[in-house]
Protein chains: 2
Amino acid sequence: MSAPAPYARVKAWLKNGLARGRWPAGRPMPSEADLVARFGVSRMTVNRALRELQSEGLVTRSQGRGTFAAPLHRVAARLTIRDLHEEIEAGGHVHRARVHRARAEPAPAAVAARLGLAAGGRAFHTVIVHSRDGVPLQCEDRWVNPAAAPDYLGVDFTRTTPTHYLLEVAPFWKAQYGIEAGVPTALEARLLGIGAREPCLVVTRRTEDHQRPITLARLVHPGSRYTIEGGFAP
Amino acid sequence: MSAPAPYARVKAWLKNGLARGRWPAGRPMPSEADLVARFGVSRMTVNRALRELQSEGLVTRSQGRGTFAAPLHRVAARLTIRDLHEEIEAGGHVHRARVHRARAEPAPAAVAARLGLAAGGRAFHTVIVHSRDGVPLQCEDRWVNPAAAPDYLGVDFTRTTPTHYLLEVAPFWKAQYGIEAGVPTALEARLLGIGAREPCLVVTRRTEDHQRPITLARLVHPGSRYTIEGGFAP
DNA sequence: GGAATGTACTTGTCTAGACAAGTTTCGGCA
DNA sequence: TGCCGAAACTTGTCTAGACAAGTACATTCC
């Protein structure tokens, strides 16, 4: 059991003070010089502690003015979405994918627009149902820009998830998400084995490259079987 | 237009290489010494660049072994949940809150347990409907630990949101979230003016202090009116 | 062959000092 | 009174060097 590093000591001290409301938001916190004197460490060390707190969103700093407790009003809580395959296997369960469609099709107008294709252009379309221990958990309806992943249709999606494959051949640069509640389409209800009016958690995701959109996915989860969970500690 | 700082140049160069798949995951990336030689900057400078990439989850580093491109399989995308009031006002809309209940009540067993109260203990209970431009967007059913916010019931919630107030009097230290799709309770359906079977996005949130749970909230949003959106750029 | 050892390389961290650049404050001047 | 500029303070960044500690690999010894 070794002593924590000095920068970590400073950081912990500050974090603790922040947690118990010392330094009300808007009033300046100790300056780097103060902390140097208080802890007897060099300025680079306290700078690192403060910079990390800043990147964690706990303080705001501005040149010439000082360091301030971040207005926590912004509850900016983060939650993460993981690859379903990993999530299932990490929990010690069995993941299985059933491919219901995998072919090139003319993209509907709305899809073509969001994929940056000409109206009526062809794109790869897969519909895959992912299950955990035999229970369908997600229906993944995905369109892929052929320019970004030309060999997409050659992949065996019972062994590799589209997400995983696409990350390898076309790492994304930007992504957008939407999470909403909705009802499944008739096809989705049938594939998932649920009622037509059962509430579903619908995640839509679009990723792009530097130049072009890569893929557009609609992930439908039965509300009774899937929850996105997250924790958050400042 | 000034030149970017050296550490930022190094970081951008690395980020770019990562984005285009140089350094396949598992094979070592340039060491700090390499980068020092390549960019003609000091080691602290490249160290900062690498450390920031690490904290962004783009690389993994390990003492004695080297720096590696992070296996991007982990799609770990972050999305943020903001305070509804801020979100509405930021969009230039009018936020209004209607308080339907605000009183101390014996907490149901499930609530008492999660709030760390004795079975049958009393807690503050508020039910508030938030609307945007007159349309109900969220039904907020909240239980508050009286020990954490004794004056909770004295607040005028048509002017301050519970989230905002609680963050001021009892900043949280840890939070847990769940997002799921479900149907509203009869009361929620009535307050939101929606059908009893309309799919809703249900967010549950629990925050705690160092010592004790602070609050437990169930936020119900009509699926047709509310979406959680987020973006993500590595 | 197998084990111990030494060496080279890696990241982790700290230091003392420096200059740049933004903000605030206060004194002096018109 | 009102304006202006200097001083003091803040953060932002970089440097050159140092020691610690973990890892990998070749060499040496049994």
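Computed from heavy atoms alone, side chains included, the values below leave out hydrogens, waters and symmetry copies. Quick note on labels: first sequence line is chain A, next is B, and so on, each numbered from 1.
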Quiz item: Is any NZ, NE, NH1 or NH2 atom of the basic residue among B:Glu52 and B:Arg48 found under 4.0 Å from an Asp or Glu carboxylate oxygen of the other?
Solution: yes
Reckon [X] has a side-chain N or O less than 4.0 Å from the OP1 or OP2 of [N]?
| X | N | value |
| --- | --- | --- |
| A:Thr67 | D:dT10 | no |
| B:Ser62 | C:dT11 | no |
| A:Thr45 | C:dT15 | yes |

Quiz item: A:Gly64 or A:Arg48: which one's nearest nucleotide on DNA chain C is closer to the 5' end?
Solution: A:Arg48
Quiz item: Mapping B:Glu32 and A:Ser42 to their closest nucleotides on DNA chain C, which lands nearer the 5' end?
Solution: B:Glu32
Taking the minimum atom-to-atom distance to the side chain of [X], which one of [options] wins?
| X | options | value |
| --- | --- | --- |
| A:Arg65 | C:dT23, C:dC14, D:dC14 | C:dT23 |
| B:Met44 | C:dA18, D:dA21, C:dT15 | C:dT15 |
| A:Pro6 | D:dT11, C:dC14, D:dG22 | C:dC14 |
| B:Ala5 | C:dT24, C:dC19, D:dC14 | D:dC14 |
| A:Asn47 | C:dT10, C:dT13, D:dT13 | D:dT13 |
| A:Arg61 | D:dT10, D:dG12, C:dT10 | D:dG12 |

Give the rounded distance in Å between these two atoms: [atom1] of [X] and [atom2] of [N].
| X | N | atom1 | atom2 | value |
| --- | --- | --- | --- | --- |
| A:Arg9 | C:dT13 | CZ | P | 15 Å |
| A:Leu35 | D:dC9 | CG | P | 16 Å |
| B:Gln63 | D:dG22 | CD | P | 6 Å |
| A:Met29 | D:dT11 | CE | P | 10 Å |
| A:Phe68 | C:dT24 | CZ | C1' | 11 Å |
| B:Gln54 | C:dT11 | CD | C1' | 9 Å |
| A:Phe39 | C:dC14 | CZ | P | 13 Å |
| B:Asp34 | C:dC9 | CG | P | 11 Å |

Exercise. Tell whether A:Arg43 reaches the base of D:dT13 with its side chain through a donor-acceptor pair below 3.5 angstrom.
Key: yes
Quiz item: Are B:Phe39 and B:Trp13 close enough that their ring centres sit under 6.0 Å apart?
Solution: yes
Self-check item: Check: A:Tyr152 ring centroid to A:Phe157 ring centroid under 6.0 Å
Solution: yes
Quiz item: Of the options B:Ile228, B:Ile179, B:Val203, which is the one that meets A:Ile228 in a side-chain contact (heavy atoms from CB on, under 4.5 Å)?
Solution: B:Ile179
Quiz item: Heavy atoms, side chains only, cut-off 4.5 Å: are B:Asp151 and B:Val169 in contact?
Solution: no
